[in-house]
Amino acid sequence: MADRYPFSKIESKWQKHWADNKTFKAIDNLKDKPKYYILDMFPYPSGSGLHVGHPEGYTATDIVARYKRMRGFNVLHPMGWDAFGLPAEQYAIETGIAPSIKTVENIATFKRQIQSLGFSYDWDREINTTDEAYYKWTQWIFLQLYNKGLAYQSEVAVNWCPALGTVLANEEVINGKSERGGHPVVRKPMRQWMLKITAYADRLLEDLEGLDWSESIKDMQRNWIGKSEGAEVNFRIADQDLSLDVFTTRPDTLFGATYMVLAPEHPYLEKITTPDYVAQVNAYRVLAERKSDLDRTDLAKGKTGVFTGAYAINPVNDTLIPIWVSDYVLMSYGTGAIMAVPAHDTRDYEFATAFDLPIQEVVSGGDITKEAFTQIEDGLMINSSTKDGQFSINGMKPSKAIQVTIDWLEESGKGKRAINYKLRDWLFSRQRYWGEPIPVLHDGTSTIPLSDSDLPLTLPVLDRIKPSGTGESPLANAKEWLQVVDPSSGKVYTRETNTMPQWAGSCWYYLRFIDPDNHERAWDLEKEKYWMPVDLYIGGAEHAVLHLLYARFWHKVLYDLGYVSTKEPFQKLVNQGMILGMDGEKMSKSRGNVINPDEVVKQYGADTMRLYEMFMGPLERSKPWNTSGIEGVYRFLNRLWRHFVKDDGGLIALSDEEPDAETMTMMHASIKKVQSDLDNLAFNTAISQLMVFSNHLRELSEVPRQALETLVMLLNPFAPHISEELWALMGNETTLAYHVWPEYDEKMLVRDTITMAVQVNGKVRAQLEVEVDAEKEHVLAMAHEHVSVKQHMEGKTIVKEIVVPNRIVNIVVR
RNA sequence: GCCAGGGUGGCGGAAUUGGUAGACGCAGUGGACUCAAAAUCCACCGGUGGCAACACUGUGGGGGUUCGACUCCCCCCCCUGGUACCA
């Protein structure tokens, strides 16, 4: 590669220039410019360093940030580190190296790699979730939640591995064995912290409406929240002074309820099971409990269950229906009990068929001898009236019958309208060392939150991090840290050994970026008002549900407390697609298809890397890496350099004449195209336009200064180093970063003549060069003259002639 | 199963409100330069037929609407992501 342009010299020069001059420092509360807050999902600094997927999103946000600055915005574009997490802890257990030390190393690597790409972050705002000065405020937010009654403790089963003496995350358990060592894992109930996210379910759902997010991500969140409306119906137990509530979305099918099912964990089972059935019910419960230890997917294979010997009374027709127990009913949803309507529910149908239970049709329109009829739209109610005829929904559409039945249930005191959510409360504690300590004390009977002045509660330095053996986190080994003696009363308290999950730090980092050095409070309210909401948030789709839902939840709590001014944190969200390996597969070490960004930068430079990642295809789509594809954009930059820079390093002579008409049109068209593509994050087509424009300029014998300046300005967001260098070579003394974006003139886009296609029966037969807005008659006359048009019309009659001005002519003949 | 997104040359991908399918780039072929190669530059480049002009055909498959469909409607197939007995 003899003539390649000196990218490494140029890139290090400008990176140093930007850093020395703090070119990208964001100014708080600036009034004379509109603000624009553009955020990346900050990375977990793993030991393996950056992979090419990271810079895809970062390049996209950087391009927008640089573009917005040129458009006159005050841009906040920060970066930080989500550095708590399991890998560092595992590494510590294996090697004895403290997570804090390893984390610092990893961050240094990530930072060096990110900086080598020339991103325009305001590094003065860098934050790190493992920093005491940061997690002090994570703990403070936890206390806000606690004081608001949104944090509580509960016994929840965890994956306990006796051999390792530790609790495992779900992803560390494979087929009931520990991922490391293959030891047996059992479910063990432990005291856990929960956050009451369910209290915000409705608002998390409703407020999605106003957000500029892709419909698919909104849908994923909606499905996760899983709101369903229906009724709670009360069933009395025959011969006992007990009753059971069930939740159903189909109260219209109440007359078709032929049995009832309880979840194996349902507390009523002990009360209602008749003596004859106790043995089999207990056996089933044990079986079900063990089953949940196995892979859950096995459960779907077929329905199992046993009869309890008890009967319930169907409140609409007083029919006695048997009560069964089966694990297809989940204790964690609804009331843990269902009314089964086999004729109109696929699962109930399967169960009834397996155990020979009666199937009663109450909605006509299907064939219940074959399968459950679940269509709610096309069908009419049948067999649905009380014995005395006082209440009947026969002949109604199910949708109507649902409402009528609920009204009747409420009037007769047999049930009520009800709403259920799939969303569960958030299991917030982890039995880990490397996380934010939960700032509470225990005295054996109650839990006492720390006061704000006791924060941060820092992690104790341990000689060696090892499992406690009890299932508690390694913090249980830190005896001195664990015990707190009240100096006045002498009373002894114990610290909480659970820590927060990795989600905690990332739930509010976007707020800390606003005011990262504030020691008095988490952030300043004025600055928050100025910068929020985040205008554009870009990151991977893997966080589409949990991170975004948790962060939105915290944000709403903070909103209720008056600490933030917007209901939602992230106004516009875009998920970048995955970059696949050359083989079209997900990049992974085991496949050996990982591309190292350091290598790419070394060989081609940061500008080429940035340009290529954006040129590959639409941001949101997954696309495979192609090493020879990168050569293409590299050649583009090389050609640009070689054509305009002489061997001695000076710029070629530019013409100060007005560009010719064609160049002028193309220049304005390019501004328009690049600008609208940037507004739509369509980087690939914008780059294509830059190539077209630059190819044109290379064909000119004399290059007009104005045209080259425009090209360099348009290129700047994408390839800022080479752009700044060319800009400086053109004699400009100030940075291009804040230079005003060129304006296009719509008038310049209008050309005198235009090429129109002429079709005969929909097939293109000729091209006409006509004046813009030429008369229809004139165009048709020209078309008729054309040799090949004539040929295809010969001997036929004209049926119809269509002229779309400036576009197309179609002559229909027969 | 359900929800969402997608299927266009050898490859990545372009195509305003339906209006010349394949922009831009890669790979490939031919040529220039070179002792030679690399790099660079020029030309060609969906398929079939033809020396060529040109003709036919072509956007996952089938049908429809229209003067005209990658684009709109119906049915089907395949791929990716999410979710999974949520009553």
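Each chain gets a letter, A, B and so on, in the order its sequence line appears, and its residues count up from 1. For clarity, every value in this text was computed on a predicted model and none was experimentally measured. Basis for what follows: all heavy atoms, side chains included, without hydrogens, waters or symmetry-related copies.
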Charged N to carboxylate O under 4.0 angstrom, A:Glu209 versus A:Arg222?
->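 Judged by the 4.0 Å cut-off on N to carboxylate O distance, A:Glu209 and A:Arg222 do form a salt bridge.
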Name the atoms and distances for all side-chain donor-acceptor pairs under 3.5 Å in residues 251-264 of chain A, with sequence neighbours left out.
unit_1: A:Asp252; atom_1: OD1; unit_2: A:Arg250; atom_2: NE; d: 3.0
unit_1: A:Asp252; atom_1: OD2; unit_2: A:Arg250; atom_2: NE; d: 3.3
unit_1: A:Asp252; atom_1: OD2; unit_2: A:Arg250; atom_2: NH2; d: 2.9
unit_1: A:Thr253; atom_1: OG1; unit_2: A:Arg250; atom_2: O; d: 2.8
unit_1: A:Thr258; atom_1: OG1; unit_2: A:Pro358; atom_2: O; d: 2.8
unit_1: A:Tyr259; atom_1: OH; unit_2: A:Tyr328; atom_2: OH; d: 3.4
unit_1: A:Tyr259; atom_1: OH; unit_2: A:Asp348; atom_2: O; d: 3.0

Would you jot down, in residue-number order, the residues of residues 773-801 of chain A having a non-hydrogen atom under 4.0 Å from RNA chain B?
->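 The stretch gives A:His792, A:Lys800 as the residues lying under 4.0 Å from the strand, ordered by number.
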With sequence neighbours left out, write down each residue that passes side chain to side chain donor-acceptor pair (under 3.5 Å) with A:Lys370, or none if nothing qualifies.
->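 Scan of A:Lys370 (side chain to side chain donor-acceptor pair (under 3.5 Å), adjacent residues dropped) gives A:Asp367.
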Span that lies between the [atom1] atom of [M] and that of [N], in whole angstrom:
{"N": "B:rA87", "M": "B:rG81", "atom1": "C1'", "value": "27 Å"}
{"N": "B:rG22", "M": "B:rA69", "atom1": "P", "value": "16 Å"}
{"N": "B:rG12", "M": "B:rG63", "atom1": "C1'", "value": "32 Å"}
{"N": "B:rG60", "M": "B:rU80", "atom1": "C1'", "value": "15 Å"}
{"N": "B:rG64", "M": "B:rU83", "atom1": "P", "value": "41 Å"}

Within the 4.0 Å heavy-atom criterion, would you say [X] contacts the bases, only the backbone, or no part of the nucleic acid?
{"X": "A:Arg222", "answer": "nothing"}
{"X": "A:Val246", "answer": "nothing"}
{"X": "A:Arg424", "answer": "base"}
{"X": "A:Ser228", "answer": "sugar-phosphate"}
{"X": "A:Val812", "answer": "sugar-phosphate"}
{"X": "A:Asn695", "answer": "sugar-phosphate"}
{"X": "A:Asn810", "answer": "base"}
{"X": "A:Glu215", "answer": "nothing"}

What's the closest nucleotide to the [X] side chain, out of [options]?
{"X": "A:Thr755", "options": "B:rG68, B:rA4, B:rU20", "value": "B:rU20"}
{"X": "A:Arg698", "options": "B:rC41, B:rA23, B:rU20", "value": "B:rC41"}
{"X": "A:Ser216", "options": "B:rA87, B:rA4, B:rC26", "value": "B:rA4"}

Can you tabulate the close N/O pairs, meaning under 3.5 Å, that link protein atoms to atoms of nucleotides 10-16 of chain B?
unit_1: B:rG12; atom_1: O2'; unit_2: A:Met616; atom_2: O; d: 2.5
unit_1: B:rG13; atom_1: O3'; unit_2: A:Asn684; atom_2: ND2; d: 3.4
unit_1: B:rA14; atom_1: OP1; unit_2: A:Asn684; atom_2: ND2; d: 3.1

Is a donor on one side and an acceptor on the other found under 3.5 Å between the side chain of A:Asn810 and the backbone of A:Val758?
->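 Answer holds: no.
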Would you say B:rU40 has OP1 or OP2 under 4.0 Å from some side-chain N or O of A:Arg635?
->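 So the side-chain polar atoms of A:Arg635 do come within 4.0 Å of the phosphate oxygens OP1 or OP2 of B:rU40, strictly under.
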Between A:Lys763 and B:rU57, is there a side-chain N or O to OP1/OP2 distance below 4.0 Å?
->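 Yes, because at least one side-chain N or O of A:Lys763 sits under 4.0 Å from OP1 or OP2 of B:rU57.
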Under 3.5 Å donor-acceptor pairs involving side-chain atoms of residues 417-425 of chain A, not counting sequence neighbours:
unit_1: A:Arg417; atom_1: NH1; unit_2: A:Gln403; atom_2: OE1; d: 3.0
unit_1: A:Arg417; atom_1: NH2; unit_2: A:Asp407; atom_2: OD1; d: 3.4
unit_1: A:Tyr421; atom_1: OH; unit_2: A:Asp202; atom_2: OD1; d: 3.1
unit_1: A:Tyr421; atom_1: OH; unit_2: A:Asp202; atom_2: OD2; d: 2.6
unit_1: A:Arg424; atom_1: NE; unit_2: A:Lys422; atom_2: O; d: 3.0
unit_1: A:Arg424; atom_1: NH1; unit_2: A:Ser332; atom_2: OG; d: 3.1
unit_1: A:Asp425; atom_1: OD1; unit_2: A:Ile197; atom_2: N; d: 3.3
unit_1: A:Asp425; atom_1: OD1; unit_2: A:Thr198; atom_2: N; d: 3.1
unit_1: A:Asp425; atom_1: OD1; unit_2: A:Thr198; atom_2: OG1; d: 2.6
unit_1: A:Asp425; atom_1: OD2; unit_2: A:Tyr152; atom_2: OH; d: 2.6

For RNA chain B, just give me the dot-bracket, please: Watson-Crick or G-U, both distances below 3.5 Å, ( ) intra-strand, [ ] crossing earlier pairs, | paired with another strand, . unpaired.
-> (((((((..(((......[....))).(((((.......))))).((((....))))..(((((..]....))))))))))))....
